[in-house]
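Written below as structure tokens is the structure these notes are about.
Both backbone and side-chain heavy atoms feed into the values below; hydrogens, waters and symmetry mates do not. To find a chain, count down the sequence lines: A is the first, B the second, and so on, and within it residues start at 1.
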Protein chains: 2
Amino acid sequence: MPDHDSSRPTLADVAARAGVSASTASLAFSGSGPVADATKERVLAAARELHYAGPDPRARSLRRGRSGIIGVVIEERVREAFRDPIQIAQFDGIAEEIGRIDAALLILAASGPAQQLAGVKAMPVQPAHPVTVEDAPMDAAVLMGCTPRLADSISALRDRGLPVVAIEGFPVEGVLVIEQDNRDATERGAQHLRQLGHGRVGIVTLPLDAAHHRGLVTDELLAISSSATALQRLEGARAVFPDAVAHAAAGSFVDEGVRAAREMLSGPADERPTAIIAQSDLLAAGVIRGAEELGIKVPDELSVIGFDGVRVDGLWPYELTTLEQPAYEKGRAAGRAIVRMLEGREAESVSFTSVLRVGNTTAPPPSAPIA
Amino acid sequence: MPDHDSSRPTLADVAARAGVSASTASLAFSGSGPVADATKERVLAAARELHYAGPDPRARSLRRGRSGIIGVVIEERVREAFRDPIQIAQFDGIAEEIGRIDAALLILAASGPAQQLAGVKAMPVQPAHPVTVEDAPMDAAVLMGCTPRLADSISALRDRGLPVVAIEGFPVEGVLVIEQDNRDATERGAQHLRQLGHGRVGIVTLPLDAAHHRGLVTDELLAISSSATALQRLEGARAVFPDAVAHAAAGSFVDEGVRAAREMLSGPADERPTAIIAQSDLLAAGVIRGAEELGIKVPDELSVIGFDGVRVDGLWPYELTTLEQPAYEKGRAAGRAIVRMLEGREAESVSFTSVLRVGNTTAPPPSAPIA
DNA sequence: AGGCGCGATCGAATCGATTCGAGTGTACTC
DNA sequence: GAGTACACTCGAATCGATTCGATCGCGCCT
């Protein structure tokens, strides 16, 4: 406890100084209830003299049962979320909508498995105020990318009676899901490649498992994978190219795309993929850069398709072929759903569609006849 | 009140079911205090049966006097903050540091002037839970760009005894400021232009006043201006070019830069500026685009210098000459200061320096002899 | 003049947990 | 066997406000 003057004034102090009861003072502040102007003035004056900063939000929210805070749960590290343009856009949309009810956004990182060990709650030298998903003072929660790893947290939220909305993710009882046509969109992208004549394609996926393992996507990795988004997009790609080799990236970053490209494109020209489906634009940008490094020309020798529709910096003169998703709108939809649920109304699930935007990073494969 | 089952179990219910007192149940949950294993097990079992989701964070934080939440106050609209790469980087840095003490970030928009009218607090049909700067359940606050408009809020925070740190902004009693050498850095940038031979330069400023007025910077505008960052950078530019015409942008966006460029570059070649100092990279990118529109070549006919050092998308083949500022580090410094203050230690002010990074958007003016 | 209505104010209960000091019972020591 | 320590548990006060119902005047209508 830093400087917690035990002398910080309370509403009772103000009331005493103004010569009224605490209840009257409360009315004077909240405005709900009839208070004589003179009295109200006296209370406010007393407050000013005592440097009373207004009702304590903690006490107020205890009594009122509402805190005015909406939690946004992100996957693991806060840093990564702030670097992902899609998540930023989603934040933006959520903020826009919940701003209407004057609520504020609380950014929460999904609690690590350490604290997940049910019932244990060891909490060694924890600095006394761990704000986790399960105990944060919020009125509702938005999950960005709802992984099974959050299952415990989610059921805790439900037990607490909080509305929960997930942006993408596996359907869970009691959670409203804002959906994205990840599978179908990717399938459309893959068909675009097939129509161009591609047969040997590679896939670079978003992190599949909680630990963000990098490398070849094996059955073992799939078994422990927890990202609905990555899995759905993978499924869409394999619907067209069932045997496509897939590499998992450790994150949605340009660097990861470069690494994946180096691994996937190291073989001879007649064995390596003629097209790569990347599960994000940042990864796609990295793949292009990686291909350049290896002297492979895009799109003549390698077609690359991304996902997201964010403009990636430094990609000029390439205009990425990609699946454009309405991230901002997804955020707004989530925000609207939250507001509705807080107002006691029903909110229904929304599903968003991505559109294929063809740029100049896809073309027929080298040896193929021009379509 | 949506579905607020009046029947949601409380710690007392759990205690009753487990056949212990509430105090013991509390101990069983918090772990602070000796509780027999058997008892603890019984309590946890009872909790499970009742679907008790753990202690109510509101009550807990009232009693403990801490909420584990750090507020980050941004200028006005949340949307704009999420679009500004500098602010994003600062968020990122803050999150990184306060993550160490398991605190969470609460994003708060500076309350509009409507609620600022001291004492009135009319609050018409406000949806019952306005979370403003002055009443948010937080343990400390970080102000991003501290404008005088926040003066009331700040004094409220101080009265409440909360540590307050500002990233840039006017020095205020009781607020620790993380500083940035805006004035000197801009002056260095301006000197770079002078050395190249420029004499007629224009300035595009960040929003100066709370209302984000766009247009020529007049004395009237300066009088009501409240952005320390914009003013300091303006001062630095005018230290070298005292008579430089300045246009205020309504926000740090590429579009705003384009608009400013159109206005400032419409005159004949021998009257219009040969160089423009933009107060952000996004504005600078807009200025370049605007110049291109008008058929003015950069850098041959117009030099452009930015501020920030963020890579702006779509600017290729330009490599912006700019003043690179360590935004992420600034965020970390703010976060560290907050943590220190929460631990009761003193935190000292930190000052950051920008470095001039010369790209290919600055060159000698058209008519000047080659230096 | 009696009664009604209403605005203003107050008392007391409540929100849900934490925490301190006091009270058990058991075990161990001298 | 008495005394002390210790481990555990409980009761009651507390955190700081909100809110419901009751009370008290007082003007006004009939």
Side-chain angles (χ1 to χ4, degrees), chain A residues 1 4-16 18-43 47 50 52-68 123 128-129 134-137 139 159-161, chain B residues 1 4-16 18-43 47 50 52-68 123 128-129 134-137 139 159-161:
Chain A
M1 224 160 278
H4 207 60
D5 293 8
S6 54
S7 59
R8 205 169 304 296
T10 73
L11 185 57
D13 298 332
V14 173
V20 299
S21 74
S23 23
T24 302
S26 173
L27 270 335
F29 271 100
S30 69
S32 52
V35 179
D37 286 344
T39 310
K40 176 186 271 186
E41 193 42 59
R42 213 145 30 90
V43 172
L50 290 169
Y52 177 68
D56 184 319
R58 290 177 286 253
R60 180 205 291 266
S61 90
L62 169 59
R63 187 62 238 253
R64 294 235 239 241
R66 282 277 180 96
S67 63
M123 207 175 296
H129 8 262
E134 38 270 290
D135 57 5
D139 297 339
D159 285 349
R160 188 161 277 143
Chain B
M1 222 157 282
H4 206 59
D5 294 8
S6 55
S7 59
R8 203 170 303 302
T10 74
L11 184 57
D13 298 332
V14 173
V20 299
S21 74
S23 25
T24 302
S26 173
L27 270 337
F29 272 101
S30 70
S32 52
V35 178
D37 286 344
T39 310
K40 174 185 275 186
E41 194 42 59
R42 212 143 29 89
V43 172
L50 290 167
Y52 176 69
D56 184 320
R58 288 177 287 252
R60 180 206 291 264
S61 92
L62 169 58
R63 186 65 239 251
R64 294 235 242 238
R66 281 275 180 97
S67 63
M123 206 174 297
H129 5 263
E134 38 269 289
D135 56 7
D139 296 340
D159 285 348
R160 188 161 277 143

Nearest to the side chain of [X], heavy atoms from C-beta on, is which of [options]?
| X | options | answer |
| --- | --- | --- |
| B:Ala59 | C:dG16, C:dT18, C:dT14 | C:dG16 |
| A:Ser23 | C:dG11, C:dT19, D:dT9 | C:dG11 |
| B:Pro55 | D:dG16, C:dG16, C:dT18 | C:dT18 |
| A:Pro34 | C:dG7, C:dT14, C:dC10 | C:dG7 |
| A:Ser21 | C:dG11, D:dT19, D:dC15 | C:dG11 |
| B:Tyr52 | D:dT18, C:dT19, C:dA17 | C:dA17 |
| A:Thr39 | D:dG16, C:dA17, C:dA8 | C:dA8 |
| B:Leu11 | D:dT19, C:dA17, C:dA8 | C:dA17 |
| A:Ser26 | C:dA17, D:dT19, D:dC8 | D:dT19 |
| B:Arg60 | C:dA17, D:dA17, D:dT19 | C:dA17 |

Below 4.0 Å: OP1/OP2 of D:dC8 and any side-chain N or O of B:Thr24: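 The answer is no; no side-chain N or O of B:Thr24 sits under 4.0 Å from OP1 or OP2.
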Whole angstrom is fine here: how far is it from [atom1] in [X] over to [atom2] in [N]?
| X | N | atom1 | atom2 | answer |
| --- | --- | --- | --- | --- |
| B:Arg66 | D:dG16 | CZ | C1' | 18 Å |
| A:Arg8 | D:dC15 | CZ | P | 14 Å |
| A:Leu62 | D:dG16 | CG | C1' | 9 Å |
| A:Asp159 | C:dG16 | CG | P | 16 Å |
| A:Leu27 | C:dG11 | CG | P | 14 Å |
| B:Phe29 | C:dG16 | CZ | P | 15 Å |
| A:Lys40 | C:dA8 | NZ | C1' | 13 Å |
| A:Arg63 | C:dC15 | CZ | P | 7 Å |

So B:Ser26 and B:Leu11, do their side chains get closer than 4.5 Å, heavy atoms only?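 A side-chain contact exists here, since the closest heavy-atom pair is under 4.5 Å.
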Flag side-chain contact, heavy atom, 4.5 Å: A:Tyr52 against A:Asp13
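They are not in contact (no side-chain heavy atoms under 4.5 Å apart), so the answer is no.
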- Kindly say whether A:Asp159 contributes a backbone atom to a donor-acceptor pair with the side chain of B:Arg8 at under 3.5 angstrom?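 Yes; at least one donor-acceptor contact below 3.5 Å.
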Item to check | A:Arg58 side-chain N/O to B:Pro137 backbone N/O, donor-acceptor pair under 3.5 Å | outcome: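 Not at all, since once roles are kept as given, no pair shorter than 3.5 Å links the two residues.
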Distance-minimising heavy-atom pair for A:Leu62 and B:Leu62: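 Residues A:Leu62 and B:Leu62, closest heavy atoms: CD2-CD2, 3.3 Å.
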Distance, nearest 0.5 Å, that separates OG of B:Ser61 from CG of A:Asp135: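 B:Ser61 atom OG to A:Asp135 atom CG measures 11.0 Å (nearest 0.5 Å).
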inquiry  = Base of D:dT18, side chain of A:Arg64 - is there a donor-acceptor contact under 3.5 Å?
reply    =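 Per atom types, no contact qualifies.
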Query raised in the report: On DNA chain D, nearest-nucleotide positions of A:Pro9 versus B:Ala25: which is more 5'?
Result: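 Nearer the 5' end of the strand: B:Ala25.
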